[in-house]
Every structure is written in C-alpha cells, then in structure tokens.
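Working notes for the structure below.
Chain identifiers are assigned alphabetically (A, B, ...) following the order of the sequence lines, protein sequences preceding nucleic acid strands; residue numbering begins at 1 within each chain. Given the structure is predicted, the values throughout are model-derived calculations rather than measurements.
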Amino acid sequence: MQPRRQPPPAPRSGPGNPRPTAPLLALLLLLAPVVAPAGSRGAEDPAQPQDAGVPRRLLQQAARAALHFFNFRAGSPSALRVLAEVQEGRAWINPKEGCKVDVVFSTERYKPESLLQEGEGRLGKCSARVVFKNQKPRPAINVTCTRLIEKKKRQQEDYLLYKQMKQLKNPLEIVSIPDNHGHIDPYLRPIWDLAFLGSSYVMWEMTTQVSHYYLAQLTSVRQWKTNDDTIDFDYTVLLHELSTQEIIPCHIHLVWYPGKPLKVKYHCQELQTPEEASGTEEGSAVPTELSNF
Amino acid sequence: MRWTLFIGALIGSSICDREKFFGDQVFRINVRNGDEISKLSQLVNSNNLKLDVWKSLSTFNRPMDVLVPSVSLQAVKSFLRSQGLEYAVAIEDLQIYHEMDNIAADFPDLVRRVKIGHSFENRPMYVLKFSTGEGARRPAIWLNAGIHSREWISQATAIWTARKIVSDYQRDPAITSILEKMDIFLLPVANPDGYVYTQTQNRLWRKTRSLNPGSSCVGADPNRNWNASFAGKGASDNPCSEVYHGPHANSEVEVKSVVDFIQKHGNFKCFIDLHSYSQLLMYPYGYSAKKAPDAKELDKVARRAAKALASVSGTEYQVGPTCTTVYPASGSSIDWAYDNGIKFAFTFELRDTGTYGFLLPANQIIPTAEETWLGLKTIMEHVRDNLY
C-alpha cells in the first residue's frame, strides 16, 4: 500500500509558529528544520536519501510516544491502538535541548489474537506534536486521532470487559501472560488488555528520542480488587527496550472504571522514583497528587 | 497451538510413541551393583514417568542413558537422590538436534550434520550441510539462526527451512539450481546454552552463558562479539548489559567456532543471520553510518526479497542498512562477514512488530517460515546468478 506523500513544506525559520507557545516549546531554539517525507516499508524508492534515516527513526519514536499517550488518555482497554505506519513528519532538532516532532501516522486496533486479516484492520489516522527533552523523560504530547470505533460501541465494550473482569476467579494464580509460548488464555484476555493500558502510561513517560519500549509479558499479579465502581489492579510487567535490548521489570498499580480517567502509579527497576499521574493530565513535567488514590 | 505441539507435528515420522517437549533431559546414571540395577529398573518401568531408555546396561560401571521428559524431571531427580544413585545430565534439550539428525538420516545424499565446535557449557554446535557436489570447496551460503536465544522464531524458522530444502530439492527449480552451484550451511542454534536457558530458567535470556570474572552477571551478546569494529558504538563494556561485547573479539566460543569454520572454508559468498523481532531486512553496516561499497546492490536485492516475502501474507518489512534502520551495533555477524569478503550479508528481523515480540505464538511459526523462505530464496538466487 503506497502512502500519499505530500511534497516537503518550505522550511520554517525562527519562532513564527502560529501555535500557542507552551513554556516547554519556548525552551527550544528552532535550528534548521529537518524535513523528511516518510517512506513506506518496503517501497521501492532509490531516491530516498540515506541521511533521512535519522529523521525517519525519530518520526517513529514520536509516533510511538504519541500513541502510548493516546491509549493512556483514552483509558479504554477495548480500544487500544498500535502503530501501523508513519506517513509524514518534520522534526526540529536542537542538539542541546531536544527536539520537536510533528508526525502523521496510521494506526490499527490492537488485537493480539488475530493474524493479519484483510479488511479487519481499519486504519485510523493520527497527527501529533511531540517534544522530546534531552535526558528527560515524559515527552510533551499533543495528539488527535480519527475515530476508529464509535464512542457508544467503545463504551459498551469497555463495560463488557469490566463485567468480565469482575467475574474472574481470583487471577492471582496466573503465572504469566502471554505464557512462554505466546499463548493468551481468552479467559484472561481482559487482564492483559488492562495491563497493556496501564503499561501505556509507563511507556509514554519512558520513551525518548532514542529509547522505545514494548510490553513483553505480564509476570505477576499482586492484587486484583473489583469494587462496585473500580478495578484496582497491582501487577508486574516486563518491558523490552529496543535500543539497549534490556528487559525492564515494572511494578504498576492502576485504578480503572469504564469512562473514567485512568489512574496509574508505577516503579520500574531502572528508575529510582515512583511516578504518579491522573487521567486528565496533559503531560506536563509536574507529577500530580491523587486525592483518592 | 503450542510450540511443543508444533515441533511435534514438524518432526512427524521421527516421533515414536509420544511427542518430545522442550526441556527434556538425558540422564546418565551410574550403576555399580545389582542392587542399583533393580532400583533403576523400578524407575524405568514405572508407567507414569514415561522414561525412555537410550542406552541400556550391559555391564556394571557403564552408565545408562535415560531420556527424561521435562514433566518428570523433579520426580526422577528425587528418586535418584533418595536411592543414592549417581547421575549426570548428559544433554539438555535435544529436540532440535534430534530433528537435525533425522533430516540428515532421511536424506544422506544431500545433507550431513556437521559438528563445528561447542558452546561454553560444552554443548555441541551442529550445522546442516546441504551439498550436491563433491570436491573442492564449492561457493557456499551460511544461514545463521538462534544467536540470540530468546528469539525463538529464529531457531524454529531455521529448522522448518531445513525440512523445506530437502523436500523441495529436485521439485522446485529454484532451490535445485541453487544447490547445483552452491552448498548451504545452516546453523539453527548458534547459541545452544542460551537456548536451553530460555527453556528452563528465563524465557527472555539473550546472551551466551559464559562466566564473567569479577562480575555476577553472566554472558556476552554474541552479536556484538565479532571482529568488526569490536567494542565500538552500540555495544557495552558492562557485563550486566544485554549488549555486552565480551572481553575481546571472538571471546565467545560459539562465535569463534563459526568464524574458524568460515575462514577455514574460505569460499563463502553469502551470510544471512535470522533474528526477531521488528520485520526488518538489513545489510551492513551496523558499526557505522558509512555506506557499504555494495550498498546499492544489497539494497536492491533486499527490496526484492522483502517484496517476495510480502507476497505470501502481506507481511511488510522495512529495508536498509543496520545502523540507520534500527540502531548502531558494532561487532555484529554480518558486518564481520561483509568485511571479510562475504558480499551478500543480510540480517532478517522476523515477525512481529511488537504485539507479541519475542513471545510469538506457535500458530505464526509456519506462516513466518513460509514467507521468510521466499525472501531467502530471492537472495540465494541472486547470489547464484552473481557469483564472484
């Protein structure tokens, strides 16, 4: 499938940016913008310059971070999305401060049990502005996506998941999901989806210009409480960081209810400080105190 | 479908009365007298342990080899200890080695199983040599798999490919003509110690299992240990790192075994390394962003191969040089191969793109192997037609 490619826009110079200048953006000096039409995978394009390889990787980093943040903010375990393809983007790189990336990408539904199916993966489209700060976590993200699933249907599916989870016999017995052979018991699938949702928050915060993460495995459930109005889920996952190839255990504690913002606390083995967040937050650098958590 | 069932189905005719599972061990049990023999008979004859005697007793002071299925390991160990019977674990996990042996036995005119060395923990390193011709060193292709032990789709694809080669020879004109001109060497488990470790202790283990003096951390990254900008970018000097390059190039005996073999052979034209995951098809260099002299040709071949691969199930691969496609990585196998005159050097990062990652489900093994085969054939055909 060939993506539509727009001709590269004229390079911008100076802070003539029409968007409102957030304090974080103001920190960045706009140097020479790097323009990169993103190629599709496997496309034959002998003209693609080799040195556009760096921006392409950067665009992918930005897209991933944006998608993690989007999934977290949507707070919907039945409507998780994964990156399909980066379509276009631009980056402004300041070697001392960090970089700002505008990126457009397509997404598909996260559905581990399905193999590649024609027509099943209706592609959504997202555009995002991602600001990475050097040596600092928690990229600032502004992202909008076209709707993949009707809001009402999504709420119904979330509520169905919630009911399934409430009925689960105590899942503290599970060893790992998926098991070592990649199998996810359909009965336990809601747990996996919820774990993925919580992990999205963690992976958003930890993604940088160079590090990016995948959820490898849920390895233990410490606590699973279903009350009338929440699911309280305390668990450990293994994240896989691609550039260092490290496997990072993270202890995550989340509180979820369909339609309500997701609340997450976590501690990963490489980070020293636990992080907190509420679901309505816009990705600022200041952690918020949760009154009911 | 579980991986264990898959391998069972794959092995097919080689199964006797039960399927073999990952984690089976061969116990070599010493018997010193008649009393110990009868204790051992008790054990072997017990139905529920499902033991399989490989080498039975002829005299005392000769060990008896018994295949113990993974599910019975604990029970057997307890029994032996309680009865004071001495034993040693002879081979851990031999399923894939057994299958390699079977392939060679089934097609003796085409395939030989060759030992090229051993691992740190003294497991044999076996390759399958596919050859239709005798005589001087024919131009050859090296297919490397399983160097990172947790990337299970790599070893699985390799063993499927071995079966594919033998079953398609003289049926498929492409592989027939390739084998007419060249030999293929296939190493399905380039890191046997790591592989066993992923089955018995830690599913996500990547490195070798060599000991690092002065450190409690084990192993080096065998794909940072080759002599190509060794200890350069994209590798670590910390033994606890997943990309620890090791104390010096070829320090890992698993790597050295391959290097020595290839250098001694002297006529390899192609080196392909199978990894997972990310769906990438890459060529040198990883150790630097500099362009390889043959980059243009390698890129063209790789794109053709990716297209052929995609034609099976629509699986899309990204193509490019390692350094800019994934990340800088020094001391890698294909960089070494390329800098040592093996022009057609490629790395496959197989399925998927992160949904399951290393834990790819068994029902994706055959689809992955089938599509990868088309990619491999495209490359091998090009090598055949462009021998230098």
Side-chain angles (χ1 to χ4, degrees), chain A residues 1 39-46 48-57 60 64 80 82-86 108 110-118 121 176-184 196 203 210-217 219 238-249, chain B residues 1-4 6 22 148 150 152-153 198-199 202-206 221 234 236 241-243 277-281 289 291 295-296 299-300 302-304 306-307 309-310 313-321 323-328 352-364 367:
Chain A
M1 178 174 99
S40 77
R41 300 181 221 175
E44 305 208 344
D45 183 10
Q48 181 127 347
Q50 286 297 336
D51 51 11
V54 172
R56 192 225 257 164
R57 241 193 3 243
Q60 284 181 328
R64 289 180 186 119
L80 297 164
V82 287
L83 180 64
E85 197 166 44
V86 171
E108 46 196 29
Y110 175 72
K111 284 190 76 175
E113 78 274 7
S114 68
L115 297 181
L116 301 160
Q117 282 168 17
E118 295 306 311
S176 41
I177 304 174
D179 68 16
N180 284 346
H181 304 276
H183 177 66
I184 301 178
F196 189 99
M203 292 191 285
V210 293
S211 312
H212 72 276
Y213 299 82
Y214 296 96
L215 177 57
Q217 204 175 31
T219 52
L238 298 177
L239 301 183
H240 172 224
E241 199 289 302
L242 220 89
S243 68
T244 58
Q245 289 293 328
E246 295 295 330
I247 301 294
I248 298 155
Chain B
M1 190 187 177
R2 300 180 61 82
W3 277 68
T4 49
F6 161 74
F22 287 132
H148 289 141
R150 61 192 179 199
W152 280 10
I153 188 62
T198 58
Q199 287 159 12
N202 179 352
R203 174 60 178 85
L204 295 176
W205 187 260
R206 165 186 170 90
D221 183 342
S236 170
S241 165
E242 292 280 39
V243 294
Y277 54 94
S278 284
Q279 291 171 205
L280 307 169
L281 178 45
K291 232 175 136 171
K296 209 160 158 196
D299 192 87
K300 254 178 43 188
R303 285 185 197 279
R304 268 207 329 266
K307 203 165 166 195
L309 188 155
S313 301
T315 307
E316 287 185 19
Y317 272 56
Q318 279 179 44
V319 171
C323 190
T324 49
T325 304
V326 60
Y327 42 58
D352 58 14
T353 54
T355 300
Y356 282 98
F358 300 123
L359 308 183
L360 198 69
N363 62 9
Q364 289 200 43

Under 4.5 Å to a heavy atom of chain B? For A:L242 that would be both
Please verify the inter-ring angle class for A:H181 with B:W152; under 30° counts as parallel, over 60° as perpendicular, anything in between as tilted. tilted
What are the two closest heavy atoms between B:T355 and A:Y110, and how far apart are they? CG2-CE1, 3.7 Å
Under the side chain to side chain contact (heavy atoms under 4.5 Å, CB included) criterion, do A:T244 and B:E242 qualify, and how do the steps go? CA-CA 7 Å; A:T244 58; B:E242 292 280 39; over 6 Å; no
Are side-chain heavy atoms of B:R203 and A:S176 found at a separation under 4.5 Å? no
Sub-6.0 Å ring centroid separation between B:Y327 and A:H212: no
Tell me, please, which residues at least two apart from A:P178 pass side chain to side chain contact (heavy atoms under 4.5 Å, CB included). A:I184, A:W192, A:Q217, B:Y356, B:L359
A:Q245/B:S241 under side chain to side chain contact (heavy atoms under 4.5 Å, CB included): CA gap, chis, key distance, verdict: CA-CA 9 Å; A:Q245 289 293 328; B:S241 165; over 6 Å; no
Most heavy-atom pairs under 4.5 Å with chain A, out of B:S236, B:A302, B:G354, belong to B:G354
If you round to the nearest 0.5 Å, how far is NE2 of A:H183 from CG of B:N363? 10.0 Å
Do A:I247 and B:R150 have side chains that approach each other closer than 4.5 Å (heavy atoms only, starting at C-beta)? yes
Could you tell me whether the side chain of A:Q60 reaches within less than 4.5 Å of the side chain of B:Q318, counting heavy atoms only? yes
